[in-house]
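Note that these values count all heavy atoms, side chains included, but never hydrogens, waters or copies made by symmetry.
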Amino acid sequence: MVICFFADELRLLNDSSGLHLTLHHPRSRCSPAPFPNLTFSTILSHDEARVRSLTARLTKTVSPLLRPAAVSIPLSPGASIGVGNYVTQIGLGTPAKSYVMVVDTGSSLSWLQCSPCRIYCHDQVGPVFDPAASASYRPVSCSESECNSLESATDDVCIYQASYGDRSFSVGYLSKDVLSLGSGQRFAGFVYGCGQDNEGLFGRSAGLIGLARNKLSLLSQLAPSLGYSFSYCLSTAASTGYLSIGSYNAGQFSYTPMQSSSLDNSLYFVRLTSITVGGRGLPVSSSAFTGTPTIIDSGTVITRLPSNVYAALSSAIAAALREYPRQPAYSILDTCFRGSLSRLAVPAVAMVFQGGATLRLAPRNVMIDVDGSTTCLAFAPARRVAIIGNKQQETFSVVYDVGRSRIGFAAGGCG
């Protein structure tokens, strides 16, 4: 029998009036759409694909979008969806019906599969959304502002294409309908993609919720009603987390400024300034941190650090755990030890950001069991872009206050 533990969200949400959704770990057996059992090496391979696509996107080495005959909004190519994204549930249409959706801070447009699935729909939990069954559904026309970048059209219908770095994609009609969230809050005129060809690694979800900084993202569309911020807690597989949109308990968080970047203004950049191990800073210069752009991302699993910072962290961890036998590298993880995490005396590790905001990592945020006999450091070297992944964010509450251009961290947000 599977017992599911639900997050006690009141500690950080009790002073807020925002909208709250439950988030599920992608490999939780309590998830409404769990991913199939995958080896951890397969998970890391997909994680590496996401990192490659994010890096290519930011360094402008992504090939132009392949566009069908009628294509609309020129969306930036998204990150590989992979198997690291958490899921939640939304309601859509009139009457509202519930759908399981992937949540991604690296994507802009929200979309879900729609009948009649003219080309292809992947398997999903529950029925595919039927626009004909919703009294409030309507397609977006080419003359509407949401489609003002349309390059060509068919029958005055705005067509979108969202492509991802692992060759997953969704193509369909840009549409509007009533979105239902949380305890029945309804938002008329929500713009989303009604997918007619949806192929790739989306698990058994119905589609995707985009939380990037883009006018078509869920966050931007709800901002006039709820405020321009969201927060989440990414739980372990044994519990649940939350996604909260709108106001939050500001006093609970320590903050770091969002960084502006010409590389991609839809992603969330931060400035990592130091890392300590056992209370001592790594022996690298400050430019080792600041010389590489850094983003925080909900869908990347393993944090990527600038190569010389990673090397220093790896050496410090190896020195602290020198009494434990080493193991060979496991996929992209090269600092590994024999035994399980519960048996290792993992030193305290803290990630410090500009302004003093600090992630004080628990052992489970530092190391990860990759199989029954091996535990590895849950970090890897970056190529050209550093990424704060969800393994290091796990159980922390993280707020993205776009209106005030800051990101905040608070410990103990969920289990």
* Derivation of the side-chain contact (heavy atoms from CB on, under 4.5 Å) call for Tyr192 and Leu218 -> CA-CA 9 Å; Tyr192 65 99; Leu218 177 77; over 6 Å; no
* To do: Any chance you could lay out the side-chain contact (heavy atoms from CB on, under 4.5 Å) test for Ser229 and Arg404, step after step, and finish with the verdict?
  => CA-CA 9 Å; Ser229 66; Arg404 296 185 180 182; over 6 Å; no
* Trace of the side-chain contact (heavy atoms from CB on, under 4.5 Å) decision for Leu54 with Val385 -> CA-CA 8 Å; Leu54 278 169; Val385 178; over 6 Å; no
* Asp177/Phe129 under side-chain contact (heavy atoms from CB on, under 4.5 Å): CA gap, chis, key distance, verdict -> CA-CA 12 Å; Asp177 211 328; Phe129 176 69; 3.5 Å; yes
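A side-chain donor from one of Ser314 and Thr335 sits under 3.5 Å from a side-chain acceptor of the other. Inspection of the Thr236 and Ser239 side chains reveals no N or O donor paired with an N or O acceptor under 3.5 Å. A side-chain N or O of His20 and one of Ser244 form a donor-acceptor pair less than 3.5 Å apart.
Here the CG-OG distance, from Leu267 to Ser107, works out to 9.0 Å after rounding to the nearest 0.5 Å. Note that OG of Ser266 is 4.5 Å distant from CZ of Arg57, once rounded to the nearest 0.5 Å. Between atom OH of residue Tyr330 and atom CG of residue Leu44 there is a gap of 6.5 Å, rounded to the nearest 0.5 Å.
The backbone N or O of Val100 lies less than 3.5 Å from no partner atom in the side chain of Gln124, so there is not a single donor-acceptor pair. Formation of a donor-acceptor pair under 3.5 Å by the Ser342 side chain with backbone atoms of Ser340 is not found in this model. Between the side chain of Thr375 and the backbone N or O of Leu341 there is at least one donor-acceptor pair closer than 3.5 Å.
Taking the ring axis of Phe337 as reference, the NZ or CZ atom of Arg326 stays within 45° of it and closer than 6.0 Å to the ring centre.
Among Leu333, Thr374, Asp371, the one residue that satisfies the side chain to side chain contact (heavy atoms under 4.5 Å, CB included) test with Phe40 is Leu333. Checking each of Leu211, Asn390, Asp104 against Ser298 for a side chain to side chain contact (heavy atoms under 4.5 Å, CB included) leaves exactly one that passes, namely Asp104. Among Phe353, Phe253, Phe396, the one residue that satisfies the ring-ring contact (aromatic ring centres under 6.0 Å, His included) test with Phe409 is Phe353. For the side chain to side chain donor-acceptor pair (under 3.5 Å) criterion with Asp297, the lone passing option out of Gln393, Arg304, Arg50 is Arg50.
Between Cys142 and Cys147, the two SG sulfurs stay at or beyond 2.5 Å from each other.
Aromatic ring centres of Tyr86 and Tyr232 lie farther apart than the 6.0 Å criterion allows.
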